[in-house]
Amino acid sequence: MSPSATSDSPELAASPASSGVTELQNAVIRFAGNSQDGIQTIGGLLARLAGRSSREVMTYMTIPSTISGGPSIFQVHLGSGEVLSAGDESDFLFAFYQHSYDSHIGSLRPGGICIYDTDNVQEVKSDLDALHVGIPITSATVEALGGSSRERGKNLFALGLVTQIFKLNKEKVIGLVSKQFGGKNEDVLRNAMLAFDAGFAYPVGDLLKVEYELQQGRGSAVDKVTTDGNTAMVLGLLAGGVRYGAAYPITPWSTIMEQLRVELPKYGGLFVQAEDELAAVAMALGFAYSGHVSVTGSSGPGLSLKMEALSYATMAELPLVVINVQRGGPSTGLPTSVEQSDLMQAIYGSHGDCPRIVLAPKNVADCFYIAVEACELARKYSCPVFVLTDMALASRIEAFEQPDLAALVHEPVLDLSPRGEEFKPYPLDGLTRHAAPGSPMTAGKYPVVTGLEHDEWGHPSANPGIHQKMTERRREKIKAFGATLPKPEIYGDASGEALIVGWGSTWGPIREAVERLRAAGRQVGCIHLRHLNPMPNGMEEIFASYANVLVVEMNDEGLYGQGQLATLLRARHCDPKIRSICKTDGLNYRVRDIVSRVEAAIAG
Amino acid sequence: MSPSATSDSPELAASPASSGVTELQNAVIRFAGNSQDGIQTIGGLLARLAGRSSREVMTYMTIPSTISGGPSIFQVHLGSGEVLSAGDESDFLFAFYQHSYDSHIGSLRPGGICIYDTDNVQEVKSDLDALHVGIPITSATVEALGGSSRERGKNLFALGLVTQIFKLNKEKVIGLVSKQFGGKNEDVLRNAMLAFDAGFAYPVGDLLKVEYELQQGRGSAVDKVTTDGNTAMVLGLLAGGVRYGAAYPITPWSTIMEQLRVELPKYGGLFVQAEDELAAVAMALGFAYSGHVSVTGSSGPGLSLKMEALSYATMAELPLVVINVQRGGPSTGLPTSVEQSDLMQAIYGSHGDCPRIVLAPKNVADCFYIAVEACELARKYSCPVFVLTDMALASRIEAFEQPDLAALVHEPVLDLSPRGEEFKPYPLDGLTRHAAPGSPMTAGKYPVVTGLEHDEWGHPSANPGIHQKMTERRREKIKAFGATLPKPEIYGDASGEALIVGWGSTWGPIREAVERLRAAGRQVGCIHLRHLNPMPNGMEEIFASYANVLVVEMNDEGLYGQGQLATLLRARHCDPKIRSICKTDGLNYRVRDIVSRVEAAIAG
Amino acid sequence: MSTTTESPKPLTKKDLTADHPTWCPGCGDFAVLATFFKVLEKLQIPHEKICTIAGIGCSSRFPYFVNGHGVHFIHGRALPFATGVSLSRPDLHVFAFGGDGDGYSIGGNHLDHAARKNVNLTYIVMDNFVYGLTKKQTSPTSPKGFKSKTDPTGAIDQPINPMKKLVYGGASFVARTHATQVKHMMEVFERAILHPGFSVVEVLSECVIFYPGAFDDGNPRKGGTFDLIEEKKWDNSPEDAERHDVSDENEAYRLASLQYPGKFGVFYETDRPTKNQLEQVWIDSTREKVGDASAVDLLSSRFASMK
Amino acid sequence: MSTTTESPKPLTKKDLTADHPTWCPGCGDFAVLATFFKVLEKLQIPHEKICTIAGIGCSSRFPYFVNGHGVHFIHGRALPFATGVSLSRPDLHVFAFGGDGDGYSIGGNHLDHAARKNVNLTYIVMDNFVYGLTKKQTSPTSPKGFKSKTDPTGAIDQPINPMKKLVYGGASFVARTHATQVKHMMEVFERAILHPGFSVVEVLSECVIFYPGAFDDGNPRKGGTFDLIEEKKWDNSPEDAERHDVSDENEAYRLASLQYPGKFGVFYETDRPTKNQLEQVWIDSTREKVGDASAVDLLSSRFASMK
Ligand SMILES: Cc1ncc(C[n+]2csc(CCOP(=O)(O)OP(=O)(O)O)c2C)c(N)n1
Ligand SMILES: Cc1ncc(C[n+]2csc(CCOP(=O)(O)OP(=O)(O)O)c2C)c(N)n1
Ligand code: SF4
Ligand code: SF4
Ligand SMILES: [Mg+2]
Ligand SMILES: [Mg+2]
């Protein structure tokens with residue numbers, strides 16, 4: 001909520017536009033209530049609206065720890081420029097209850113605006129540098145609905161307020177509301193509109209003292225796609241050609257499997273809910289063996305259960321995409337918090353020398369693209385491919401341009417062509433090509449796919465030379481893929497005081513931190529690794545241009561002071577400049593934390 | 001079999017002693033036959049004999065890949081000095097069949113002696129630099145037994161030959177034979193002695209041309225203990241105070257669980273065979289929670305299945321010893337071959353930041369000591385402790401001095417004392433102390449042990465600060481243990497061309513390689529890590545004194561050219577001097593392979 | 001499990017109450033908890049000897065709400081953990097709790113093996129025919145046609161029949177009750193706890209959020225019938241011939257085949273040696289054989305034999 | 001599974017024979033393999049459509065000895081793997097093989113769930129009452145008193161009853177045979193293969209090394225009795241009343257309770273929809289609903305809805 005590109009600038013609306021209206025480039029709006037109040041719904045609508053107004057958007061929500069619900073927030077960061085984080089602080093706070101007010105007033109930035117429900121909030125801290133605007137949200141909504149006692153509709157009342165305050169396009173908002181509630185019975189939509197209109201008409205102007213207008217985005221006029229990371233992942237898998245998969249539910253992975261279960265039949269495929277994770281990965285490997293690129297996934301604990309079968313996937317060289325929506329660990333840990341502590345397990349979790357590809361998406365759009373890539377790699381290299389996403393990406397909503405589907409979508413075809421004399425599933429001089437069952441073997445000899453060490457034909461062999469050669473073969477194909485990766489692109493300064501290295505969902509905050517650091521006169525750049533195993537070659541050349549290489553991760557610094565990616569980079573590059581910026585509080589990085597910790601690291 | 005301390009010297013018996021008898025300091029004898037022939041039995045007897053003659057010994061055997069048996073060897077390296085490996089090559093080969101001869105004649109060193117059974121070996125390579133001695137072993141045995149058609153007893157005939165040839169103490173040998181066969185029915189012992197005597201009396205002297213005598217050892221006059229690594233591990237666990245455990249069978253782990261199942265009731269304890277590895281580790285954790293240090297174990301695939309529960313063990317901080325008898329991987333891989341490819345999994349295999357202690361024994365005696373230490377650490381730090389042994393140690397026989405049991409043995413006592421108001425299982429300023437169930441809580445508040453993140457009292461908490469602090473706490477206690485570790489002792493030169501770093505069962509061959517390299521004028525030393533996580537501090541000071549730091553491991557060089565321990569060392573120390581010597585052929589390192597690869601690495 | 005009554009001051013519901021349950025208002029599990037408290041109050045098991053163990057699920061949060069030694073373990077493995085506790089600590093009263101997903105899906109194998117081994121503990125399953133904690137996926141007891149997030153057009157797999165599973169598996173006490181029938185629940189819990197061996201009670205416990213009304217058919221207040229098993233009284237009366245012989249496994253299996261909502265009460269009960277007893281016999285005879293030697297003695301003679 | 005006979009030249013035992021089995025001479029599994037070949041020869045399933053899948057164990061080496069598409073997977077998970085194959089490849093004939101440890105111990109849960117879902121495949125268990133490959137540990141079918149390396153004084157746990165497990169679990173074809181009774185084995189294998197749905201045959205197959213003589217009681221040549229189940233012929237004869245109705249689950253369960261060696265033959269057989277069919281109905285109706293749209297079309301309209 002400021003004319004500058006960052007939402008962290010010290011003052012609110014410093015430069016009213018000539019019209020007397022304050023033009024906002026960005027606004028961070030936090031709705032704080034209970035999970036039952038439907039604040040996710042209006043947050044989602046605002047995000048969708050942003051996508052339709054060539055604005056950028058990023059959302060952030062918390063999930064109550066009890067099933068019965070409880071305090072919950074939904075934060076929307078809207079911007080006409082690039083939006084890279086959900087916002088460290090909010091510009092506007094909507095507090096529905098006293099507990100919402102008490103817990104979240106601290107997140108309002110100095111000079112921010114707090115709108116609270118006078119029906120539920122008794123006490124506000126009037127000595128704060130904030131504009132408090134009391135509105136009887138509950139009673140006004142009940143009144144508008146003609147006396148509904150169930151307190152439904154407060155969310156739409158609030159949406160009406162927001163539409164009014166930020167001069168959003170009312171027609172577009174109403175269109176979205178109709179789309180959302182239109183499917184249900186008529187009363188629902190009518191009540192929703194009544195509440196919305198009441199909020200839109202509520203005389204808030206005087207209370208605010210200033211008028212705001214959120215700038216239109218600068219981007220293309222094309223409507224953007226607005227969705228969350230788990231949904232984008234599902235769509236990427238479908239585009240990548242996955243038609244079969246199996247899994248077991250666990251938070252926050254479940255919404256991927258639930259969607260795949262619904263979507264796959266449309267494509268003629270099938271997703272199976274298995275009795276546990278062991279069965280799930282085995283079924284998925286059965287699908288893979290049958291000639292399909294298949295998918296399984298889970299979160300933390302469920303991944304640990306899959307480690308034995310994934311070792312088989314490497315040995316037998318079967319194409320399997322494995323998704324881990326990371327959450328706080330170890331054990332059941334913090335099931336609804338974000339963490340990046342499963343990287344080492346993705347690379348090293350199975351027994352034996354088990355090389356496998358590990359990827360991580362950087363934002364919601366990338367969940368789509370990386371899923372497509374994972375499918376391609378599994379197919380091409382006939383091996384398991386891990387995708388490490390996380391709790392933050394899973395539920396975060398962003399707007400992005402629709403991918404070029406015609407170019408990206410892969411329609412899988414089952415290859416049951418006859419194989420001749422020369423057929424070798426594991427050639428020493430080439431990539432694995434299985435003959436799926438159903439393929440006639442014209443020389444009369446059929447293959448067995450095994451987890452025992454085997455020769456080029458797949459026959460088990462305890463011959464020392466063969467084990468050595470096959471171990472090399474499984475490693476070299478992954479290395480060969482690594483050699484195809486471009487050197488990571490640098491964002492920011494190409495040399496200087498510090499290079500920040502990140503992976504996964506921290507992409508946005510890191511980029512925003514680079515911008516702020518540079519704005520503050522620092523010479524810093526960043527690279528973001530989407531390929532964690534193998535990593536791209538040539539990074540030592542990049543590192544050479546900076547005084548510090550700082551790896552920002554959401555995991556623990558370990559026994560020797562380094563986070564997981566930092567450990568990998570140091571082992572590979574043996575460069576003591578590589579140091580860690582770690583944390584394990586289960587929260588997303590705030591931009592200002594990265595900034596201050598990079599400053600501190602540069603200082604010494 | 002040479003006057004020098006190494007068995008690899010170019011010529012056989014170069015220096016006949018004055019008596020006309022060639023004194024041998026070392027002899028490597030390989031018996032090659034079928035697994036049904038009982039060659040393990042006589043190999044074991046020879047090893048036991050060595051222990052009783054203050055000689056050193058190391059054995060090596062292969063296991064046929066089919067259950068029905070098949071070709072198999074048993075090699076005994078006897079020495080009056082230190083015996084560090086099972087021998088690269090054999091000095092004497094006993095070939096029972098043509099296939100034994102064909103497969104193993106190549107292992108005989110130039111000038112060596114091959115004794116073969118003329119009843120079964122039709123063709124020998126007379127152009128080799130070897131002395132071929134044909135003896136009708138089968139028919140002579142049958143004759144001695146009075147016409148037994150079952151071909152039993154050939155092994156004892158061979159033992160008789162060996163006793164004769166090397167002038168072993170006949171009374172001691174007969175004593176061991178009686179002990180071995182005495183328990184069974186009388187006929188068995190009588191037949192055994194008939195066969196032994198026939199071999200002992202067989203006129204072999206003329207055929208050999210030279211007389212040999214194996215030197216008495218220089219060590220103490222006390223009889224040594226002779227046993228294999230898995231048995232030593234079992235005894236170490238018993239001494240360390242383990243009274244409860246659970247597991248599921250798998251090769252080569254099974255013999256540990258089988259022995260624990262038999263032994264524990266003697267100590268008033270219990271070992272349970274569970275329905276699978278998941279149940280096994282859960283039961284073992286149930287034992288640990290109940291107030292006992294408990295044990296579970298497995299090999300490769302079974303360990304992968306335990307990763308989820310082990311993550312809980314870290315979170316809940318329960319004292320559990322976890323043994324992995326490593327074998328060739330990935331997947332079922334090479335179930336009867338040796339490999340060291342599960343180190344990364346031991347450290348990083350579970351989801352989440354999961355710090356745990358990882359130890360590895362260096363030889364058979366150390367299997368005992370490290371098991372004792374593992375129990376102590378699990379008790380002291382209330383956490384899972386991994387022990388990485390391997391297939392080679394599991395079945396290898398060595399002689400060693402009896403441990404000081406009175407000083408080492410821990411008799412566990414269940415602590416069910418009442419806990420007061422102040423009781424906190426997870427104090428931020430101290431080590432975890434659980435109140436086992438059955439302990440009265442005098443303030444009336446009972447604890448719940450959970451895998452969710454929790455506060456000092458064990459209450460689940462999703463508070464960001466608590467997760468950060470508790471993650472630190474779990475890490476810091478492991479670090480604190482690391483700080484107590486002494487800097488590793490250097491064997492060989494304390495500075496120079498190369499430091500060899502090893503871990504696990506390669507200790508002997510590495511030491512022998514250092515001796516040979518130094519004998520050849522090289523300045524080299526070695527350190528052997530028994531503590532892999534955490535590693536001792538201060539190693540950078542050791543590394544600084546050498547031009548090369550070469551990590552010798554039996555695992556793959558990975559995507560970036562480094563084995564698993566090398567990766568860990570490079571990440572920690574960022575010293576590009578640290579390089580890898582790796583292999584994955586499923587065989588033990590031969591001393592000469594280490595020598596030549598170290599030579600090559602020093603050269604460039 | 002037998003009870004002991006040597007506790008000095010009586011154990012009350014208040015002593016046993018820990019945190020306020022985080023379950024949704026109306027969840028069937030509240031009644032299970034309340035009933036458990038009542039039975040413990042009645043049996044007066046010493047406070048420190050109460051040990052509750054669970055896996056993961058809404059129902060598996062049970063140990064947090066009982067003020068006693070408790071364990072919140074991992075999904076599906078409560079029973080093997082509890083087995084470790086039971087086998088090594090005969091002084092404790094071991095209780096396992098869980099849901100249909102935890103017990104019959106991921107944990108299904110452990111249930112069978114704990115049952116056949118007759119491990120001495122009491123296991124209470126709060127079956128709500130759905131995955132509650134993960135928000136409405138099909139569970140192994142979800143009936144065909146149930147619309148969940150993983151079966152949006154209705155579940156298609158034939159569900160597991162828990163009573164058959166328990167009877168076949170060899171549990172030595174098998175009963176079924178309903179969370180709205182507190183009196184019956186109390187009776188059954190008490191018998192389960194007093195039973196020596198592996199005793200299991202399946203409780204139909206409604207998830208009011210994700211499967212409301214699932215058990216109305218077994219709830220007279222909602223128009224259903226709560227049909228009790230009449231057990232044989234061995235009184236030689238003609239009526240008795242019709243009654244159920246709880247020691248008859250085939251009959252128990254037949255009863256389990258009845259159509260939903262079926263019968264409630266004790267399906268099967270038998271007295272056979274527990275694994276605890278059998279292992280203890282072996283331990284005791286072995287200890288006797290070695291003359292109750294100390295660890296140092298045992299190890300010394302073992303080492304001597306290896307020389 | 002139905003057979004097809006469109007293969008051009010007849011499939012012979014020779015075509016089906018791969019490596020020489022590594023089993024010990026005399027191992028019961030040889031007869032199982034030979035019988036399997038005979039049945040395949042008779043049924044003339046197209047060569048490339050034969051897919052054999054196993055876990056780990058001596059018996060689980062089966063796929064190496066059949067010259068057909070084969071999988072040697074990991075311990076205990078053959079059935080979920082085979083489920084993946086069966087559900088996505090209706091054109092194949094899917095066979096799973098394994099032992100008592102693989103199937104009833106580590107893999108026990110998967111068996112129950114594959115059974116209740118009625119996945120279309122045939123599973124043959126070579127039960128030798130012992131862990132063969134790992135050299136004589138107690139298996140879940142080892143009888144009490146069996147001396148193994150993990151029960152040196154004799155097994156103490158009550159073994160699992162495989163027939164009860166299969167009947168309770170919901171397998172739609174459940175039979176039991178003996179590796180020395182080749183003719184019977186052939187009949188039963190053939191019926192199992194022709195049965196549409198999840199069909200299981202339990203074969204008593206002797207491990208001559210670690211449990212010799214285990215099944216002599218069921219082998220007339222060794223003085224035992226091979227007692228067959230007489231199935232109802234529905235001929236209204238008085239004898240028929242005594243015969244076994246294979247569709248009667250409770251009767252099948254009762255038969256399974258007989259004391260060892262018990263009865264051989266088909267215990268249970270029913271015709272209920274397979275998971276394969278049920279999922280296919282859903283897939284087909286969904287495809288129809290979306291008008292058989294291409295992936296690009298489906299995704300395009302999905303993206304459009306998110307704008
Ligand atoms: C290994 C693992 N897989 C999955 C989960 C996620 N999970 C937690 S509880 C649960 C199912 C709960 O269902 P149920 O046991 O019936 O308990 P309810 O919540 O219905 O009482 C699942 C799938 C997990 N925690 N761990
Ligand atoms: C995860 C895992 N655990 C244990 C083993 C070791 N293992 C291989 S086969 C087997 C049991 C074999 O018994 P069964 O299934 O009855 O087959 P049999 O050899 O008797 O035919 C075991 C325990 C393994 N390979 N993998
Ligand atoms: S979600 Fe269902 S089972 Fe879970 S607490 Fe709520 S009502 Fe109970
Ligand atoms: S060990 Fe037993 S089961 Fe295995 S091959 Fe030999 S006889 Fe057959
Ligand atoms: Mg449930
Ligand atoms: Mg078996």
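Proteins get letters first, then strands, A, B, ... in listed order; numbering begins at 1 in each.
Interface check for chain D: of the options A:Gly51, A:Pro440, A:Ala406, the most heavy-atom pairs under 4.5 Å are formed by A:Pro440. Among A:Gly241, A:Gly286, A:Pro460, the residue with the largest count of heavy-atom pairs under 4.5 Å with chain D is A:Gly286. Taking chain D as the reference chain and counting heavy-atom pairs below 4.5 Å, the highest number among A:His410, A:Glu308, A:Met315 is found for A:Glu308. Counting heavy-atom pairs closer than 4.5 Å to chain D, the top residue among A:Leu278, A:Leu238, A:Val448 is A:Val448. In terms of heavy-atom pairs under 4.5 Å with chain A, the best-connected choice from D:Val85, D:Thr286, D:Asn67, D:Val290 is D:Asn67. When each of A:Pro403, A:Ala279, A:Gly438, A:Ala284 is checked for heavy-atom pairs under 4.5 Å with chain D, A:Gly438 comes out on top. Your options are A:Gly268, A:Gly451, A:Ala239, A:Ala274, and the one with the most heavy-atom pairs under 4.5 Å with chain D is A:Gly268. Each of D:Arg77, D:Arg287, D:His75, D:Glu288 has some count of heavy-atom pairs under 4.5 Å with chain A, and the biggest count is that of D:Arg287.
Minimum heavy-atom separation, D:Arg302 to A:Gln259: NH2-OE1, 3.6 Å. The minimum heavy-atom distance linking A:Leu270 with D:Ile283 is given by the pair CB-CD1, 4.2 Å. The nearest pair of heavy atoms linking D:Trp282 to A:Val262 is CH2-CA, 4.4 Å. Nearest approach of A:Ala435 to D:His69, heavy atoms of both residues: O-CE1, 3.6 Å. Shown here for D:Arg89 and A:Pro437, the closest heavy-atom pair between the two residues is NH2-O, 2.6 Å. Across A:Arg243 and D:Ala295, no two heavy atoms sit closer than the pair NH2-CB, 3.5 Å.
Considering only heavy atoms from C-beta on, A:Leu235 comes within 4.5 Å of D:Met306 through its side chain. Annotation: side chain of D:Lys289 is not in contact with side chain of A:Lys266 (no heavy-atom distance under 4.5 Å). Side-chain contact between D:Val66 and A:Tyr446: absent, with no pair of heavy atoms (C-beta onward) separated by less than 4.5 Å. Between D:His110 and A:Met283 the shortest side-chain heavy-atom distance does not fall below 4.5 Å.
Contacts between D:Asp91 and chain A at a heavy-atom distance below 4.5 Å involve the side chain alone, from C-beta outward. At a 4.5 Å heavy-atom cutoff, the contact between A:Val272 and chain D is made by side-chain atoms alone. Residue contact with chain D, scored on non-hydrogen atoms closer than 4.5 Å, is absent for A:Ala399. With a 4.5 angstrom heavy-atom cutoff, A:Phe368 touches chain D only via side-chain atoms. In this structure, chain D has a heavy atom under 4.5 Å from the side chain of A:Tyr244, while its backbone stays farther away. Only the side chain of A:Thr231 comes within contact range of chain D, with at least one heavy atom under 4.5 Å from a heavy atom of that chain. Contact of A:Thr227 with chain D is made through the side chain alone, with heavy-atom distances under 4.5 Å. Looking at D:Ser294, the atoms closer than 4.5 Å to chain A (heavy atoms on both sides) sit in the backbone and in the side chain alike. In this structure, chain D has a heavy atom under 4.5 Å from the side chain of A:Leu416, while its backbone stays farther away. With a 4.5 Å cut-off on non-hydrogen atoms, A:Leu414 touches chain D through its side chain but not through its backbone.
At most 12 heavy atoms of other shown residues, nucleotides or ligands fall within 6.0 angstrom of atom NZ in D:Lys42. For D:Lys135, the NZ atom counts as loosely surrounded, since its 6.0 Å shell holds 12 or fewer non-hydrogen atoms of other residues, nucleotides or ligands. Remark: A:Lys179 NZ is packed, more than 12 non-hydrogen atoms of other residues, nucleotides or ligands lying under 6.0 Å away. More than 12 non-hydrogen atoms from other residues, nucleotides or ligands lie less than 6.0 angstrom from CD of A:Glu411.
Atom-to-atom distance recorded for A:Leu452:CG and D:Arg61:CZ is 6.0 Å, nearest 0.5 angstrom. Interatomic distance, D:Thr83 OG1 to A:Glu275 CD, rounded to the nearest 0.5 Å: 7.5 Å.
Relative ring orientation between A:Phe400 and D:Phe303 is described as perpendicular, the plane-to-plane angle rising above 60° on a 0-90° scale split at 30° and 60°. Between A:Tyr289 and D:Phe81, the two ring planes are tilted [angle within 30° to 60°].
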